[in-house]
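Reminder, nothing fancy here: chain letters follow the sequence lines and each chain counts from 1. Side chains included, hydrogens not; waters and symmetry mates left out as well; all remaining heavy atoms used. Just so we're clear, the structure is a prediction, and the values are computed from it rather than from any experiment.
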Amino acid sequence: MGQPVFISMKTIKKYLTIFKLLVSTRLSADLSFRVSFLATIAGSFCFIVLYIATLVLLMPYVNFGPWGKQEMWLFLGVFLIFCYTVFYLFWRGLWHFPENVRNGRLDFYLTKPLDSQFFVSIAGGGLHNLCAMIFGIILVAWSFQNLGLSFNVVNFISFIITLILAILDFYSLAFFFVVLNLRFSYLGEAAYEIWDFQSFSRYPTDAFNNVPLIGYLIAIPFSVIITIPANTLLLKDLRIMEILVFFLASLIFMFLVRKFWFHELKHYSSASS
Amino acid sequence: MCHNQSVRKYWEYFVQNINEYLAYRLRLFLSLASNLIVPITMIWIFSSLPQSQIAGMTKLEIVRYYVLGSFFYSFTNAKVDEFVKTSIQHGELGRYLIKPVNFWILAFINDFSLRFIRLLISLPIIFIFAMIVGLPLNFLKTIISPTVAIVLVLSYLLSFLFSFSLGLLTFWVEEVWGLQNLKDTAIKILSGLAIPYQFFPIAVVALLKWLPFPYLVIWPLRIGFTGNFLTEVLIACVWVVIFYLLGVWLWRRGLNIYGATGLY
């Protein structure tokens with residue numbers, strides 16, 4: 001409970017080593033079941049097929065405002081990088097969390113001399129997610145070239161920073177929901193349900209220009225987190241204030257979720273439910 | 001007497017399942033509410049367009065399509081593959097095999113009890129959803145008919161056998177979630193759940209009518225889409241038989257290699 005709110009810089013190396021260890025363990029597990037591995041690759045690319053098919057079917061009928069056809073492909077690429085990085089880094093940990101709470105295995109995570117939020121969240125990503133992420137990068141590079149854009153270091157760095165913030169924001173939200181398992185005993189795949197909200201992130205904010213008030217509260221925040229990095233990559237006007245607000249809002253949100261985690265841990269009896 | 005006992009034990013299993021699902025009501029609610037996210041996204045995107053007709057559909061028709069689509073999806077989309085998968089992987093299948101129960105019936109009850117409870121809880125959620133997106137509240141009247149009831153039964157049966165056969169692949173493939181994703185994605189795209197068939201090229205729709213996908217999940221929304229309802233029923237029945245035979249074949253072959261201690 002008395003853990004610091006933010007991980008100190010001194011321990012970053014230690015955590016990176018642990019992360020590498022988790023990734024390599026997962027990698028060897030992935031490669032030991034070859035047929036399963038191929039099936040997981042197919043499973044990962046299914047989502048990509050779904051996203052591409054939806055966009056292909058929609059494009060002749062739907063106007064996404066200032067986002068032309070090629071720009072929409074770039075947007076999709078950014079979304080795929082976001083989506084599969086979240087999967088790669090956090091999904092496995094978040095997926096197992098409800099069961100860990102239910103059967104008392106969470107004790108194992110809490111009693112280790114590591115940051116508990118880090119340890120329950122990071123469980124080593126699957127190689128199939130990494131492959132899908134690389135596909136997203138290729139899609140972005142292909143669209144970037146087709147749009148005839150020139151590389152700009154400032155925009156690129158802004159893109160990386162805003163994308164990392166988007167990933168951490170989404171992770172924090174998913175983590176917030178799985179942490180509710182501590183209070184409500186068993187919510188099952190709560191994080192998986194939250195994942196459905198990425199549906200709003202697949203389209204730019206301009207696609208939701210005539211929505212009711214509730215739409216601005218639900219759809220726009222999810223859409224904004226991808227629109228901002230995509231905008232910076234497209235060399236559209238670099239809106240420093242927008243990025244700063246995004247940065248501050250993300251930090252506050254992550255801080256609050258972390259506080260919530262430590263607060264909710266008080267509801268965990270460790271005897272399993 | 002013996003028959004009555006047999007029915008009674010399955011009935012008890014059904015009731016037990018219902019109670020278990022109802023024990024975690026928030027989980028059930030979250031799961032149902034999350035089904036509405038994709039339809040809401042599509043409805044808001046289409047509502048934002050200036051034109052009144054999109055791909056030959058009015059905006060109200062699109063809203064109705066997605067509202068009813070999400071309602072049918074919560075009921076007709078069988079997820080029994082997960083139950084079959086975990087039963088095989090964790091060795092629970094061995095426990096079922098030595099008991100005087102039929103695993104196929106247990107799997108059916110396991111999935112149907114969830115579909116049943118989802119159907120009941122979906123109704124008020126769907127009405128609230130319809131109110132939010134501005135759909136006239138008599139929208140359910142148009143689909144209450146004996147034809148829709150027959151279609152729903154066939155649709156669920158097909159979905160169940162498809163999902164059950166997929167779950168049986170766990171006998172050979174240690175981790176079938178990739179194939180489960182493949183199935184879910186194929187259903188979402190090819191059944192028209194993500195985007196209505198009106199947006200598809202005509203040649204694709206002509207090909208799709210011979211596949212099982214149009215008869216899964218939201219068939220009630222497009223009864224007669226081929227021009228002949230009886231042909232649709234016939235094709236759906238053929239697919240039910242195909243998946244049943246496939247299931248029987250996989251089941252017999254799978255039991256031969258099953259170690260009864262699970263796969264892990």
Side-chain angles (χ1 to χ4, degrees), chain A residues 30 32-33 35-58 60-65 98 128 177 180-181 184-190 192-203 206-212 214-215 218-219 222-223, chain B residues 23-51 53-57 132-134 169-170 172-190 192-201 204 263:
Chain A
D30 273 349
S32 6
F33 300 105
V35 180
S36 291
F37 172 65
L38 290 176
T40 54
I41 289 271
S44 259
F45 277 82
C46 278
F47 285 120
I48 296 180
V49 171
L50 175 69
Y51 301 146
I52 291 176
T54 309
L55 206 54
V56 166
L57 292 170
L58 279 180
Y61 302 96
V62 179
N63 176 16
F64 293 103
H128 53 96
F177 272 85
L180 289 176
N181 276 281
F184 296 101
S185 294
Y186 188 56
L187 287 178
E189 308 81 13
Y192 189 75
E193 314 300 356
I194 286 306
W195 182 246
D196 286 332
F197 281 90
Q198 52 72 30
S199 172
F200 297 118
S201 306
R202 280 158 52 189
Y203 305 99
D206 302 87
F208 303 100
N209 56 25
N210 186 24
V211 295
I214 193 168
I218 300 172
F222 286 95
S223 177
Chain B
Y24 302 110
R25 287 177 293 275
L26 186 61
R27 177 191 179 195
L28 197 62
F29 175 79
L30 276 178
S31 156
L32 283 167
S34 70
N35 278 349
L36 302 177
I37 304 296
V38 176
I40 288 176
T41 309
M42 300 316 293
I43 288 170
W44 283 345
I45 286 177
F46 287 121
S47 304
S48 300
L49 296 175
Q51 63 265 42
Q53 283 224 336
I54 307 132
M57 294 174 87
I132 290 172
V133 295
L169 292 177
T170 313
W172 294 273
V173 184
E174 285 81 4
E175 193 47 81
V176 291
W177 75 260
L179 297 172
Q180 287 174 300
N181 268 0
L182 196 65
K183 182 203 93 175
D184 286 343
T185 309
I187 289 175
K188 278 177 185 161
I189 300 173
L190 302 176
L193 188 71
I195 305 280
Y197 275 6
Q198 281 85 341
F199 289 76
F200 284 52
V204 175
L263 293 168

Notebook entry, point to check: With a 4.5 angstrom heavy-atom cut-off, which part of B/Q180 approaches chain A: side chain, backbone, both or neither?
Noted result: neither

Next item on the list: Please look at B/I45 and chain A and tell me whether the side chain, the backbone, both or neither of the residue comes under 4.5 angstrom of a heavy atom of that chain.
Entry: both

Checklist line | side-chain contact (heavy atoms from CB on, under 4.5 Å) partners for A/N209, two or more places apart | finding: B/S48

Notebook entry, point to check: Mind checking whether A/Y51 and A/F47 have parallel, tilted or perpendicular rings, split at 30° and 60°?
Noted result: parallel

Next item on the list: Would you check if the side chain of B/S47 reaches a backbone N or O of B/I43 as a donor-acceptor pair within less than 3.5 Å?
Entry: yes

Notebook entry, point to check: Can you check whether A/L57 reaches B/P201 side chain to side chain, under 4.5 Å on heavy atoms?
Noted result: yes

Next item on the list: Measure the shortest side-chain to side-chain distance between B/T41 and A/F208 over non-hydrogen atoms and say whether it is less than 4.5 angstrom.
Entry: yes

Checklist line | Side chain / backbone / both / neither for B/Q198 at chain A, heavy atoms under 4.5 Å | finding: backbone

Next item on the list: Give, as side chain, backbone, both or neither, the part of A/Y203 having an atom under 4.5 angstrom from any heavy atom of chain B.
Entry: side chain

Item checked: Atom group of B/F200 that falls short of 4.5 Å from chain A, counting heavy atoms -> both

Checklist line | chain A contact via B/L49 - side chain, backbone, both or neither, heavy atoms under 4.5 Å | finding: side chain

Check: Do you know which of A/T54, A/V49, A/L58 has the most heavy-atom pairs with chain B at a distance under 4.5 angstrom?
Finding: A/L58

Notebook entry, point to check: By side-chain contact (heavy atoms from CB on, under 4.5 Å), which residues pair with A/A53, not counting sequence neighbours?
Noted result: B/I189

Check: What part of A/I41 is in contact with chain B, defined as an atom under 4.5 angstrom from a non-hydrogen atom: side chain, backbone, both or neither?
Finding: neither

Check: Side-chain contact, heavy-atom cut-off 4.5 Å: B/I195 with B/M42?
Finding: yes

Item checked: Most contacts with chain A, counted as non-hydrogen pairs under 4.5 angstrom, among B/F46, B/F199, B/W44 -> B/W44

